[in-house]
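Below, each value reflects all heavy atoms present in this structure, side chains not excepted, and no hydrogens, waters or symmetry copies.
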Amino acid sequence: MSAVATAKKTRRLDAAPGVLGNYLKAFGSTLPAAGKLPFLPGGGGPLPSIVLEVPGLQTDAEHLARYARVCGFTLRDTLPLTYLNVRAFGVHIALMTDPDMPFGPVGLVHLTNAITQHRPVSVREAVDLKVWATGLDPHPKGRTLTLHTEARVGKELVWSARSTMLRRGGATEGDKPKAVAKPAAKPVAVPEIPVQSTWRIPEDTGRRYAAVSGDRNPIHLTSLTAKPFGFPRAIAHGLWTKARAVAALEGRLPDACTVDVAFRKPVLLPTTVTFGSAVADDVTHFAVRDRKGSDHLTGTVTAVAAPKKTTRKTPARKPAAKKTTTRRTAS
């Protein structure tokens, strides 16, 4: 686990937490003066210094099959690269609705998501999940926080992710960033990405993904529930769009890689979008776009070095000492 997480207090959960009760807390945090209630988030202070841990998480074959169907993956003996996102969702909501959180999860805007698969994870392996938050960094439209997730098999780190989200609203005086000189970033050559396929995304996609992921945010369910939040129709989950793109690249992903995406604009349901990818300097670039060519999602796939396995060295055996024998001679 990272140095940031090791400095926090770990709270161990016996099982992945249910979502319904925490959703009630999430929407309760939007009520006036909710931050004054001891059981709801929203006090506006710093991020809580905690890590939530769920040990020994097993894969349910039926749940995995439903996830594969809604996202377009082929069932294999290893987990889809994005699958542990949904297994961690209940833990994310539990952390985001902790009473010490400065605000609840309702209204957060997903900006980016990066997943690193250090090696394929077998469907038969039990994983230990850890989740924590960092950030409250200034942003032109408010403040951002980042959720970190790690999955380990034993002591081996096999999968990790980070999701950065925006909380709209003015930054406080203490949030103003200090001027720090940064080295100029090396320009990244983005190739032209041709259209390779067209996806017709039905109106019920948000409800189908919500049933699998547990993420029943009203903006994803129906036009009626999305309109109070400023959307003319329901929008697809950003992590569904990422999963669908990763499924389109299935078979071309390195065993150890990072898939990093930026969410550019919502996918209003129903709709038709295009998908394409191109490779430049050993990096796969991909994009999901509307019919006019405007980006919904852009991303990259980069191979990473698989973590070295530590092996216990067996000390070299010393050669056995030669036995000396004394011959007796008859006298």
Side-chain angles (χ1 to χ4, degrees), residues 1-5 7-8 26 29 41 44-52 81-82 84-98 101-117 129-151 159-172 174-178 180 182 185 188 213 215 217 219-220 229 235-243 245-246 257-267 285-288 295-302 304:
M1 191 164 41
S2 74
V4 174
K8 295 175 178 285
S29 67
L47 288 172
S49 183
I50 58 172
V51 178
L52 296 186
L81 180 141
T82 54
L84 289 175
N85 263 329
V86 299
R87 295 309 310 276
F89 178 72
V91 193
H92 293 162
I93 291 297
L95 178 64
M96 293 299 298
T97 54
D98 187 273
M101 284 295 289
F103 43 74
V106 176
L108 293 180
V109 178
H110 212 157
L111 300 180
T112 63
N113 174 267
I115 295 172
T116 297
Q117 176 178 272
L129 288 180
K130 293 181 188 290
V131 173
W132 69 97
T134 62
L136 291 189
D137 298 317
H139 185 278
K141 295 183 179 179
R143 292 185 295 172
T144 62
L145 66 80
T146 300
L147 284 181
H148 302 264
T149 309
E150 285 185 350
W159 186 95
S160 56
R162 66 181 187 276
S163 288
T164 298
M165 287 163 282
L166 169 68
R167 174 71 172 186
R168 296 182 185 274
T172 65
D175 289 330
K176 290 183 179 179
K178 298 177 181 178
V180 178
K182 295 183 179 180
V188 178
S213 67
D215 185 355
N217 189 320
I219 63 176
H220 303 303
F229 295 90
I235 65 173
H237 296 73
L239 290 178
W240 174 86
T241 309
K242 176 174 182 173
V246 172
C257 63
T258 295
V259 182
D260 198 343
V261 303
F263 303 103
R264 303 297 184 184
K265 72 173 185 177
V267 176
H285 300 258
F286 60 94
V288 177
D295 293 332
H296 286 297
L297 173 149
T298 58
T300 58
V301 179
T302 309
V304 299

> Does the side-chain contact (heavy atoms from CB on, under 4.5 Å) test come out yes or no for L166 and T144, once each step is laid out?
Replying inline: CA-CA 4 Å; L166 169 68; T144 62; 4.2 Å; yes
> Where do H139 and L111 land on the side-chain contact (heavy atoms from CB on, under 4.5 Å) test, with the steps shown first?
Replying inline: CA-CA 11 Å; H139 185 278; L111 300 180; 4.2 Å; yes
> Run the side-chain contact (heavy atoms from CB on, under 4.5 Å) check on R162 and D260 step by step: do they pass?
Replying inline: CA-CA 9 Å; R162 66 181 187 276; D260 198 343; 3.9 Å; yes
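Judged purely by atom type and a 3.5 angstrom limit, H285 has no side-chain atom pairing as donor or acceptor with the backbone of T300. Side-chain atoms of W159 do not come within 3.5 Å of backbone N or O of T149 as any donor-acceptor pair. At least one donor-acceptor pair closer than 3.5 Å links the side chain of K242 to the backbone N or O of N113. H296 places a side-chain N or O within donor-acceptor distance of the main-chain N or O of P266, the cut-off being under 3.5 Å.
Minimum heavy-atom separation, L52 to L95: CD1-N, 3.6 Å. When every heavy atom of D295 is checked against every heavy atom of K265, the shortest pair comes out as O-CG, 3.4 Å. Heavy atoms only, all atoms of each residue included: L297 and G238 are closest at CD1-O, 4.5 Å. What you find for P102 and L47 is that their closest heavy atoms are CD-CD2, 4.0 Å. Nearest heavy atom pair, residue V259 against residue V246, reads CG1-CG2, 4.0 Å. Taking both residues in full, the closest heavy atoms of L145 and M101 are given as CD2-CE, 4.2 Å, listed atom of the first, atom of the second, then distance.
Taken to the nearest 0.5 Å, the CD1 atom of I115 stands 7.5 Å off from the OG atom of S163. Atom CG of L136 and atom OG1 of T146 lie 9.5 Å apart (nearest 0.5 Å).
Looking only at side-chain heavy atoms (C-beta outward), L239 and T82 stay at 4.5 Å or farther from each other.
Remark: of the listed residues T97, V131, D215, V131 is the sole one forming a side-chain contact (heavy atoms from CB on, under 4.5 Å) with H92.
Between H237 and H220, the ring planes lie parallel to each other; the angle is under 30°, not in the 30° to 60° tilted range.
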